[in-house]
2 protein chains.
Amino acid sequence: MAAMDIANHLRRHKKSLTRARTEIWRILTQSEKPLSPNEIHRRLNTPKANLATVYRNLRALQDVGLVREIDLREAFKRYEAILAGRHVHHIMCQVCGRIDKIRHCMIQDMANAIQKESGFTLEDHYLECFGICPSCQPHKTEAQGA
Amino acid sequence: MAAMDIANHLRRHKKSLTRARTEIWRILTQSEKPLSPNEIHRRLNTPKANLATVYRNLRALQDVGLVREIDLREAFKRYEAILAGRHVHHIMCQVCGRIDKIRHCMIQDMANAIQKESGFTLEDHYLECFGICPSCQPHKTEAQGA
DNA sequence: ACAAAAATGCAAATCGTTTGCAAGTCTCAT
DNA sequence: ATGAGACTTGCAAACGATTTGCATTTTTGT
């Protein structure tokens, strides 16, 4: 998903390419981890787009398939750019909060079993993990529940 | 996890066995799917415990390991009784909202790969799925995003 | 450049969830 | 059984993330 594609993506869905959207896209693609609406808002150049605009645009970018919502059981959602079609899972450190991507996903292997067990077709899923990152492992004593 | 265990569980954590907790536990164990705080509140016998009490007790029951929180990307969280130590995943129908349990979980098979890829220890995870349930499959056209 | 469509800023509204505090209930040792 | 202390509840207010109404501004396609 090259940066230039954003305009086409939006046009295809009758959505405009605005300064706010361009900036949000830049911020998301430059971030190494999913960001909350507030974090995104903080990183906007002045004059900052309104926080409500950030929310509206995050939804718009999701609608056109450029952005995905991540829920790490915090008080808010996080968002990340979909750079490749492939989906990604995450693992968050229960001690320091560091968030890494997990590119390994065996869900396909589970799909058959799940479909057989439940009778559902499997259209989407999310898998998020919690653990202790390498830097925090020496201190591992009791991790706060996740 | 027999019903009688609830008292011991609570006592072990210096928590009282109250009418509200007993009722919430009954409601959760009798439900075939995870319930929201509001749904639980609605099912309380009169005089109904306050909704804030429901929230507080759901947390208390989580603290002692009797209840688990489920996030199906709705506007609220759901809660279910932990009847066996084994964890459970869910699949929700994108058409009618039906929620089924998935007892099949291959996460253990993924654990090694994830730990190797990320360097994290894997302490917890959640996996929730979305699809189309058998009754809705004939009508399957375009499922609203999940 | 224009008219129509879409987006934005701002403030107010929503809504799930949490919290302060005074009053009520439960526990446990006596 | 009973009383003090610990824990819980009800109620209303507070919170925080997210959404929305509406008038104004920007973007789009022609």
From [atom1] of [X] over to [atom2] of [N], roughly how many Å is that when rounded to an integer?
X	N	atom1	atom2	value
B/Glu39	C/dG16	CD	P	11 Å
B/Leu44	D/dT9	CG	C1'	13 Å
B/Arg21	D/dC7	CZ	P	11 Å
A/Leu10	D/dG29	CG	P	11 Å
A/Ile24	C/dT8	CD1	C1'	12 Å
B/His13	D/dT8	NE2	C1'	17 Å
A/Glu74	D/dG16	CD	C1'	14 Å
B/Gln62	C/dT17	CD	P	11 Å

Does a side-chain N or O of [X] approach OP1 or OP2 of [N] to a distance below 4.0 Å, or not?
X	N	value
A/Tyr55	D/dT19	no
A/Thr18	C/dT8	yes
B/Arg59	C/dT18	yes
A/Arg19	D/dT26	no
A/Thr53	C/dG9	yes

- Query: Counting only heavy atoms not in B/Arg19, do more than 12 fall under 6.0 Å of its CZ?
  - Reply: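 Yes, the 6.0 Å shell around CZ holds more than 12 heavy atoms from other groups.
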Of all the choices, [options], which nucleotide is nearest to the side chain of [X] once you look at every atom?
X	options	value
B/Lys14	D/dC7, D/dA17, C/dC10	D/dC7
B/Leu17	C/dT27, D/dT9, D/dA17	C/dT27
B/Asn50	C/dG16, D/dG10, D/dT18	D/dG10
B/Leu51	C/dA7, C/dT27, C/dT17	C/dT17
B/Ala49	D/dT18, D/dG10, C/dT8	D/dG10
A/Ser16	C/dA6, D/dT9, C/dT8	C/dA6

For [X] and [Y], indicate whether the former's side chain and the latter's backbone hold a donor-acceptor pair under 3.5 Å.
X	Y	answer
B/Glu128	B/Arg73	no
B/Glu23	B/Asn45	yes
A/Glu39	A/Arg78	no
A/His41	A/Ala49	yes

- Query: With sequence neighbours left out, what residues match A/His125 under ring-ring contact (aromatic ring centres under 6.0 Å, His included)?
  - Reply: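 ring-ring contact (aromatic ring centres under 6.0 Å, His included) list for A/His125, sorted by chain: A/His87, A/His89.
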- Message: Once you apply a heavy-atom cut-off of 4.0 Å, does A/Ala60 come out as touching a base, just sugar-phosphate, or nothing?
- Response: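 The answer is nothing, as A/Ala60 stays clear of every strand by at least 4.0 Å.
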- Any donor-acceptor N/O pair under 3.5 Å between D/dG21 base and A/Arg56 side chain: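 Answer is yes: a donor-acceptor pair is held.
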- Pick the nucleotide of DNA chain C nearest each of B/Lys15 and B/Asn38; which residue has the one closer to the 5' end?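 The residue closer to the strand's 5' end, by nearest nucleotide, is B/Asn38.
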